[in-house]
Amino acid sequence: MDKLKMQTENKADDNFKKLAAMFPNAVTETINENGEVVRAIDKDVLMQEISCTVVDGNEERYQFTWPDKKKSVLLANAPINKTLRPCREESVDFDTTENLYIEGDNLEVLKLLQETYLGKIKMIYIDPPYNTGNDFVYEDDFAQSTDEYLANSGQFDEDGNRMVQNTESNGRFHTDWLNMIYPRLRIAKNLLAGNGVIFISIDDNEIENMKKLCDEVYGATSFVAQLVWEKKKKGSFLSKSITNVKEYILVYCKNIDGFEGLIGEINDEEETYPCINAVNKRELRTIPAGIESKYRDKDFFMPKGSEISDTTMSIVLHSDLVIKNGVLAEELTLEGNWRYSQAAMKEYALKKELYITRDLYLRRIVRETRYKTMKDLLSRVGEDTEIAHTEMVDTKNLNSSGWGSNEDADEELRLIFGIQKLMDYPKPVRLLLKLLASYRGSDDYIVLDFFSGSATTAHATIKLNAQDGGKRKFIMVQLPELTDEKSPAYKAGYKTICEIGKERIRRAGAKIKEEAGLAAQNLDTGFRVLKCDTSNMKDVYYNPAEYEVNMFSRLEDNIKEDRTPEDLLFQVMLDLGVLLSSKIEETTIADKKVFNVEDNYLIACFDSDVSEETIKAIAKQKPYYFVMRDSSMASDSVATNFDQIFATYSPDTVRKVL
């Protein structure tokens, strides 16, 4: 049996392996500053292989950089020994829900998710700190080793004290913000599916830097739009220079070739369109006989060479126009500025989708569903004038009812919690719901928000699913940041941002389900709570060289004493790439607790003294994976017969130990 690695991948090692696989002749060794032999890439060989210029570090070139950027790259690639521990008591419908709420530093959580959810996220929305000097709490000392930074990469020091704010008097005002957001964007890209998209809310303070970051991480060709959201009706009366009523939402896709764009309007009602477009070049088109005429005369003749025109359109007849009993009687050739090709015009005529108008022009009848792309201006008030933010969103026309405002968001939280100004700067549900609805081609996908805040994204996901019957799932990630002791939230009993987010999902989900009635019978309003924590394994599992021989008697069990079998199961699921929302069934086999994940995809048993009877019963179920604790078999006889049992009943099962 193989041993599980139980830690995240070192992405630098992974990138080196990819490069080595592509260009094995460029792989070499060298001596580092400590006199050690280390792996290396021969730059000269690589230049020859890729047949282009490789820029040396000292050469001038266009680039976007800032102090400590290299450390930020190292931070994104460095592995961590952490895990996600389930918390049933804070969850809703733990056994059946497919939604996740994860508490922890989002950089660490993203690293834990990056293998299991690699390429599985269709949409990411984040509303990161805007770096206004008040709402961004940052790591105080970035000038330290990567290991030190990893150990202290959250918003609190080792004693739990909140770190200093990023005021403009700080000489690293932009640098610290960039070092915070850059590694998170890099890892998030790995999670996106090939046709996935990321939305990033941002304001004027860092819009230029955020766009440059995204151009580097996602590629300039993956830029989709810079949406402008009208966030409020009136700006601050304290503003001395200009009244700012907008924010931005940057949109990038994973792969522009696979991205289908964002839907702004869906029209499935019958419409007609002119076949002439004045800006197109003039060409001939031949129309088969038999199409309907709506001209005032049921029988009509116009000779070849005649012109039909108004101020914008002109058609010249290249054959006689003959209409009998309201139908084009003979094939007709026309010269004009045509919108459609000859093949298309013939197809529309044969399908009776072309007709002659009252003015003797041609129009096309359109019956199939049409998709119009989303506009880049997200107005607070829609085309149908201002409506209450509580009214249902018309997902077939996202521009019809506006995109919500800051005031709407404040009121939504007040209605849910009965508390005024529970949080600063929440986003309205309408904004998030419409962004979710704009994703083309699917209503069954995972949306990730790793700056979850008050969990507006989760609220919007549930509400949209209730409205259109979709099966969207959410993953919310939020640092358990302490609320201010003077704030309404703290006084109401919410000591962390996470407590607000989880309670919002509980209350909003229950209300949506109640309002939807029978239509919401299968609506998933639950969520599994997972909390980022140190590894379930004792340090000896990773650093045996640091322990003396006389200590090993106390370390016969490599698992920490306070960890439950379910804790171990979720770390195994992370390690094996099993979705954390997977169905889990707990059974008992020969008095041993056994977990069955996704109908025999993974079976795990972490009890001690596991008998041959238990092993045989599990093998007969033919799981894809089987995992157990190291040295947990009841006897040497069981250990000896283990492989033979699986060879007999399930030879293809992958067996792992921890």
Side-chain angles (χ1 to χ4, degrees), residues 82-94 97 99-110 112 125-129 134-137 154-157 159-163 165 409-429 432 447-463 474-513 524-534 567 570 580-581:
K82 292 290 186 80
T83 190
L84 296 176
R85 300 178 65 187
C87 183
R88 280 183 171 269
E89 59 270 22
E90 296 179 20
S91 304
V92 175
D93 300 330
F94 185 95
T97 185
N99 301 315
L100 302 176
Y101 188 99
I102 306 176
E103 293 187 27
D105 181 282
N106 54 15
L107 179 60
E108 295 176 342
V109 173
L110 288 171
L112 291 170
Y125 171 80
I126 57 171
D127 185 14
N134 295 314
D135 62 354
F136 171 46
V137 182
Q155 297 186 19
F156 304 88
D157 61 22
D159 298 321
N161 298 315
R162 184 166 173 161
M163 296 182 180
Q165 292 181 324
D410 290 335
E411 179 65 5
E412 286 163 356
L413 282 180
R414 189 194 67 78
L415 290 174
I416 292 171
F417 290 92
I419 301 170
Q420 198 74 37
K421 295 298 291 183
L422 186 71
M423 287 189 67
D424 293 329
Y425 314 116
K427 291 294 185 288
V429 170
L432 270 298
V447 57
L448 168 67
D449 184 344
F450 53 90
F451 286 96
S452 173
S454 65
T456 306
T457 304
H459 186 165
T461 303
I462 296 173
K463 190 169 183 177
F474 62 76
I475 301 176
M476 300 292 104
V477 182
Q478 177 60 42
L479 184 74
E481 181 185 342
L482 299 176
T483 55
D484 192 300
E485 293 184 7
K486 297 179 182 179
S487 68
Y490 186 91
K491 293 175 182 177
Y494 301 103
K495 301 301 188 291
T496 69
I497 301 298
C498 290
E499 291 178 12
I500 297 173
K502 288 179 290 187
E503 185 61 19
R504 178 185 190 161
I505 303 172
R506 294 185 192 106
R507 295 189 182 196
K511 187 172 187 296
I512 291 169
K513 208 165 200 176
D524 186 357
T525 61
F527 55 95
R528 282 181 180 172
V529 174
L530 306 173
K531 299 188 179 186
C532 187
D533 204 340
T534 58
D567 289 336
F570 274 83
L580 300 176
S581 58

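None of the values given here were measured: they were computed from a predicted structure. Side chains included, hydrogens not; waters and symmetry mates left out as well; all remaining heavy atoms used.
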Out of curiosity, E503 CD to I416 CD1, how far, rounded to the nearest 0.5 Å? 10.0 Å
Do L448 and L110 make a side-chain contact, defined as non-hydrogen atoms from C-beta onward lying under 4.5 Å apart? yes
To the nearest 0.5 Å, what is the distance between CD1 (I102) and OG (S452)? 10.5 Å
Student check: side-chain heavy atoms of I500 and Y494 closer than 4.5 Å: yes
Using side chain to side chain contact (heavy atoms under 4.5 Å, CB included), reason through L100 and L530 one step at a time and then give a plain yes or no. CA-CA 7 Å; L100 302 176; L530 306 173; 4.2 Å; yes
Ignoring hydrogens, what is the shortest heavy-atom contact between R528 and L580? Give both atom names and the distance. NH1-O, 2.8 Å
SG-CD distance between C532 and E108, expressed to the nearest 0.5 angstrom: 4.5 Å
Would you say the side-chain atoms of Q478 pair up with the backbone N or O of I497, donor to acceptor, closer than 3.5 Å? no
Residue set satisfying salt bridge (Lys or Arg N to Asp or Glu O under 4.0 Å) with E90, at least two apart, ordered chain then number -> K502, K531
Has the side chain of R414 got a donor or acceptor atom that lies under 3.5 Å from a matching backbone atom of Q420? no
Heavy-atom closest pair (G104 atom, P480 atom, distance to 0.1 Å) is N-CD, 3.8 Å
If you compare all heavy atoms of E103 against all heavy atoms of C498, which two are closest, and at what distance to 0.1 Å? CG-SG, 3.5 Å
Closest non-hydrogen contact found for L432 with A460 is CB-CB, 3.6 Å
Sequence-distant partners of K511, side chain to side chain donor-acceptor pair (under 3.5 Å), two or more places apart: E515
Nearest 0.5 angstrom please: F451 CZ to L479 CG, how far? 9.5 Å
Under the rule for salt bridge (Lys or Arg N to Asp or Glu O under 4.0 Å), what residues qualify as partners of R88, not counting sequence neighbours? D95, E566
Can you check whether M476 reaches F527 side chain to side chain, under 4.5 Å on heavy atoms? no
Evaluate the side chain to side chain contact (heavy atoms under 4.5 Å, CB included) criterion for residues F570 and T83: first the C-alpha distance (whole Å), next the side-chain angles of each, then the deciding distance (0.1 Å), finally the verdict. CA-CA 8 Å; F570 274 83; T83 190; 5.7 Å; no
Please examine the side chains of I126 and F450, heavy atoms only from C-beta on, and report whether any two atoms are closer than 4.5 Å. yes
Gap between atom OH of Y101 and atom CZ of R504 - 0.5 Å precision: 11.0 Å
Under the salt bridge (Lys or Arg N to Asp or Glu O under 4.0 Å) rule, what pairs show up with a residue in residues 415-424, not counting sequence neighbours? D410-K421
Can you list the residues that meet the salt bridge (Lys or Arg N to Asp or Glu O under 4.0 Å) rule with D567, with sequence neighbours excluded? R85
Looking at every heavy atom in both V429 and K463, which two are closest together, and how far apart are they? CG1-CD, 4.0 Å
Donor-acceptor contact below 3.5 Å, side chain T483 vs main chain K495: yes
Tell me, please, which residues at least two apart from D449 pass salt bridge (Lys or Arg N to Asp or Glu O under 4.0 Å). none
Could you state the interatomic distance from CD1 (I505) to NE2 (H459), rounded to the nearest 0.5 Å? 10.0 Å
Which pair of non-hydrogen atoms, one from A409 and one from P428, has the smallest distance, and what is that distance? CB-N, 3.5 Å
Less than 4.5 Å apart, side chain to side chain, heavy atoms only: is that true for F474 and I462? yes
